[in-house]
Amino acid sequence: MGDEDWEAEIIKPHMSSYVPVFEKDRYSSGANGDTFNRTPASSSEMDDGPSRRDHFMRSGFASGRSMGNRESNNDCEDNQTRSRGFSKRGDSEYEQDEGTQRTGGLFGSRRPALSGTGNGDTYQSRSGSGSGRGGYKGLNEEVVTGSRKNSWKSDAEGGESGDTQGPKVTYIPPPPPEDEDSIFAHYQTGINFDKYDTILVEVSGHDAPPAILTFEEANLCQTLNNNIAKAGYTKLTPVQKYSIPIILAGRDLMACAQTGSGKTAAFLLPILAHLMRVGITASRFKELQEPECIIVAPTRELINQIYLEARKFSFGTCVRAVVIYGGTQLGHSIRQIVQGCNILCATPGRLMDIIGKEKIGLKQVKYLVLDEADRMLDMGFGPEMKKLISCPGMPSKEQRQTLMFSATFPEEIQRLAGEFLKSNYLFVAVGQVGGACRDVQQTILQVGQYSKREKLVEILQNIGDERTMVFVETKKKADFIATFLCQEKISTTSIHGDREQREREQALGDFRCGKCPVLVATSVAARGLDIENVQHVINFDLPSTIDEYVHRIGRTGRCGNTGRAISFFDPESDSHLAQPLVKVLSDAQQDVPAWLEEIAFSTYVPGFSGNARGNVFASVDTRKNYQGKSTLNTAGFSSSQAPSPVDDESWD
Ligand SMILES: Nc1ncnc2c1ncn2[C@@H]1O[C@H](COP(=O)(O)OP(=O)(O)OP(=O)(O)O)[C@@H](O)[C@H]1O
């Protein structure tokens, strides 16, 4: 069966008969116990003759037929990919649906896929451009108080002046719980938390302030210290030990540390400390708000999580954090902002919209934070970020503090970052840049395309109810596999860019609370998400880049807890990853299967040192020659010293 076959099969109305009645309630696609009331998605997707359907029905789901070739399977993504100048498969699964909306005129309507209805009660697909999509409708959202004039962006740029007609996004996310227990809810650090201290840290750049070893040394105000204690933090993680004093000293920073090691607090705490020190007061209702800090992240769920962290640490202070992201009613975003905004957490598309609508002034921006910075600067979001820093009013890099955080930082992206950072920025590398978290036990299994489903079920049945994220490469496959697992009586939900925002949040909620212990996801959930008790990550499909692999498996093994990652390696499609995988595994002191080494050897590329993109693993700051480099373990003891001082390379 070809790709289109299984895609078409899954959306056919008759397929509802494949979903056992009890499973209908188990598949969490909407708020109220969704059902699989499948209706045709679009004529093109339904263009699938009965003969193939019959064949499918005879053969059954697990008949070992093709799950589809990834390259040809992600036609939806291809539209997005092209629209943003992408060449990588996985990238399209991010918030860049915002970008797709903007360029939708060029590439036509996006193909609909399985998606919930407005009220979320029915799991069905809908036809028509933009309907039923999780995508951000920047062009057409309802504006309550926004002015459509004076957008600084031109229509030629795909500007979002709001003139184009289309379906309105009406989703208003429910407000997060306000009670203190919920605000400070947290999970326990794991048995390996103290081992963080043994990881080598390299700081490069001139005149780096010394690391701090305790929260007390940071000299934060009492309210902040109280909030830190209520959050259950007693000890700094390495990235916090180094980043907090650097940020407090007013320096620009690029910090790279393993997944789940506390990067969010590493930037939030010093920013909050500074804002409180200078005594900002909560801004009152104003049509134009001027935040002191802007934080951007690539996905809606991640930016929301960062916002919740900001809200937690700023609890009981005058600092007000606000979150805005695509897939929600624009009017709602505006209403949140006008009530007062010191820290604005935003996805790029929504941020640019709001700036264009003159609800946000940039003059007061002291901090610009790029979380998942390598993602924010790559071909997908890089142009948006460049627009952001050249927006009228945005302080120049000399006038603001720019902070970048990620677990991966390819060299070419580090070079691009120079445009955003002061030339004397500091670079902190905790462990190996781009390395996997050692608390994740990694297993690579050689599994051909046709055997993947069977293997998946076998593993999930052994796992039992332990929380598991299953990554697949395309949105359609996410739906397909989720449905398939439900049929196998495994409670499953899914998250991907074709689901409406309300459904995405519902899915995440059901996964977080354990209602659905299995979450099938595309790369939209690969970065940043911090979900308690995720014990397993399964790469049903490997991603196209090793960096994405590192982020995906980092959804488990967080904050000193242990986790397991199992990846299906199909030699037909994944051999380009053999070399970088061998490197990531051996760097993380994992067993490397002999067969994988053989494939890596047979596909050996001279000069290769570890990244499927063709660039090398950045082991250090790419400013090759710098002064003041020091390598320390996080107890603060120097283990090697800097090379002879040479001027920084400047990319200005
Ligand atoms: N010092 C600390 N003590 C205890 N828990 C902490 C500390 N710092 C962070 N945490 C917790 O560790 C978890 C992971 O933190 P966070 O999400 O910031 O990791 P991250 O490095 O940003 O990961 P990723 O690379 O996946 O984005 C969170 O639940 C956070 O609250």
Side-chain angles (χ1 to χ4, degrees), residues 183-197 199 211-218 220 224-225 227-244 255-271 295-299 301-313 345 369-376 403-409 428-431 433-440 469 512 523 525-534 537 547-561 563 565 634:
I183 290 173
F184 288 99
H186 62 272
Y187 61 84
Q188 296 303 309
T189 58
I191 48 167
N192 291 335
F193 189 78
D194 287 341
K195 285 195 193 159
Y196 281 156
D197 284 342
I199 301 174
I212 53 171
L213 300 180
T214 62
F215 280 112
E216 292 72 47
E217 280 180 65
L220 308 171
L224 214 42
N225 281 330
N227 291 342
I228 289 167
K230 280 192 250 178
Y233 292 20
T234 53
K235 193 175 160 183
L236 291 157
T237 67
V239 69
Q240 293 163 359
K241 288 179 182 175
Y242 285 81
S243 302
I244 290 174
C256 193
Q258 67 186 84
T259 51
S261 65
K263 294 186 284 292
T264 317
F267 61 79
L268 282 177
L269 292 176
I271 290 173
I295 302 171
V296 286
T299 67
E301 291 76 16
L302 176 56
I303 201 67
N304 202 30
Q305 183 181 295
I306 294 169
Y307 159 72
L308 292 174
E309 291 290 289
R311 189 180 73 135
K312 173 170 83 181
F313 290 123
C345 307
V369 184
L370 276 61
D371 195 26
E372 307 297 341
D374 54 332
R375 183 70 185 87
M376 299 309 296
L403 311 170
M404 302 191 178
F405 284 79
S406 186
T408 53
F409 252 119
V428 170
V430 181
V433 174
C437 171
R438 288 188 183 182
D439 298 327
V440 181
M469 289 177 80
R512 272 187 202 278
S523 280
R527 284 180 180 250
L529 292 186
D530 182 54
I531 300 166
E532 180 173 11
N533 243 342
V534 175
V537 167
D547 286 349
E548 208 60 24
Y549 171 83
V550 167
H551 286 281
R552 282 185 184 184
I553 66 167
R555 293 320 97 212
T556 184
R558 298 176 71 75
C559 207
N561 292 286
T634 57

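Excluded from the calculations below are hydrogen atoms, water molecules and symmetry mates; all remaining heavy atoms, backbone and side chain alike, are included. Numbering of ligands and ligand atoms starts at 1, following listing order.
Of all protein heavy atoms, the one lying nearest to atom 12 (O) of ligand 1 is C559 SG, 3.0 Å. Closest protein heavy atom to atom 17 (O) of ligand 1: R558 NH2, 3.0 Å. The shortest contact between atom 28 (C) of ligand 1 and any protein heavy atom is with D530 OD2, 3.0 Å. Nearest protein heavy-atom contact of atom 1 (N) of ligand 1 is K235 O, 2.7 Å. Nearest protein heavy-atom contact of atom 21 (O) of ligand 1 is K263 NZ, 2.8 Å. Looking only at protein heavy atoms, the nearest one to atom 30 (C) of ligand 1 is Y233 OH, 3.2 Å.
Of all the heavy atoms in C437 and T259, the pair that sits closest is CB-OG1, 3.6 Å. Closest non-hydrogen pair, G560 versus Y196, comes out as N-OH, 3.2 Å.
Heavy atoms of F405 stay at 4.0 angstrom or farther from ligand 1. In this structure, E532 does not count as a contact residue of ligand 1, since none of its heavy atoms falls inside 4.0 Å of the ligand. Heavy atoms of H186 stay at 4.0 angstrom or farther from ligand 1. Residue contact annotation: S261 has a non-hydrogen atom under 4.0 Å from ligand 1. Residue contact annotation: E372 has a non-hydrogen atom under 4.0 Å from ligand 1.
Of the options N561, I531, L529, T264, the smallest heavy-atom separation from atom 22 (O) of ligand 1 is shown by T264. Distances from atom 23 (O) of ligand 1 to the heavy atoms of G528, G260, A266 put G260 nearest.
In this pair, F313 and Y233 present their aromatic rings perpendicular. The plane angle is above 60°, beyond the 30 to 60° band.
For the residue pair D530 and Y187, a side-chain donor N or O sits within less than 3.5 Å of a side-chain acceptor on the partner. Side-chain contact check for T408 and H551: at least one donor-acceptor pair (N or O, by modelled atom type) lies under 3.5 Å.
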>> Could you go through R552 and D547, starting from their C-alpha distance and side-chain angles, then the distance that decides it, and tell me whether this counts as salt bridge (Lys or Arg N to Asp or Glu O under 4.0 Å)?
In response: CA-CA 9 Å; R552 282 185 184 184; D547 286 349; over 6 Å; no

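Heavy-atom proximity to R555, at under 4.0 Å, picks out these atoms of ligand 1: 26 (O). Atoms of ligand 1 lying under 4.0 Å from at least one heavy atom of Q258, given by number and element, are 21 (O). When each atom of ligand 1 is checked for a heavy atom of F193 under 4.0 Å away, the hits are 2 (C), 3 (N). Those atoms of ligand 1 with a heavy atom of T189 less than 4.0 angstrom away are 4 (C), 5 (N). Each of the following atoms of ligand 1 lies closer than 4.0 Å to a heavy atom of Y187: 13 (C), 29 (O).
The shortest N or O to N or O distance between T259 and ligand 1 is not under 3.5 Å. Note: no N/O pair closer than 3.5 Å links Q305 and ligand 1 by distance alone. The shortest N or O to N or O distance between Q240 and ligand 1 is below 3.5 Å. Taking distance alone, with nitrogen or oxygen atoms compared against 3.5 Å, G262 approaches ligand 1 more closely than that limit.
Checked by atom type and distance alone, the side chain of Q240 pairs as donor or acceptor with a backbone atom of G262 at under 3.5 Å. R527 contributes no side-chain N or O that, together with a main-chain N or O of P298, makes up a donor-acceptor pair within less than 3.5 Å. Checking side-chain atoms of T214 against main-chain N and O of E217 turns up a donor-acceptor pair under 3.5 Å. Remark: the backbone N or O of A266 is not paired with any side-chain donor or acceptor of S243 at under 3.5 angstrom. Counting only distance, with no hydrogens or angles, the side chain of E548 and the backbone of A526 share no donor-acceptor pair below 3.5 Å.
Contact check on K263 versus D371 returns no salt bridge, with no Lys/Arg side-chain nitrogen under 4.0 Å from an Asp/Glu carboxylate oxygen.
We find the CD-CD1 distance between E309 and I183 to be 12.0 Å, quoted to the nearest 0.5 Å.
A heavy-atom distance below 4.5 Å is not found between the side chains of R558 and D439.
At a heavy-atom distance under 4.0 Å, no atom of H551 approaches ligand 1.
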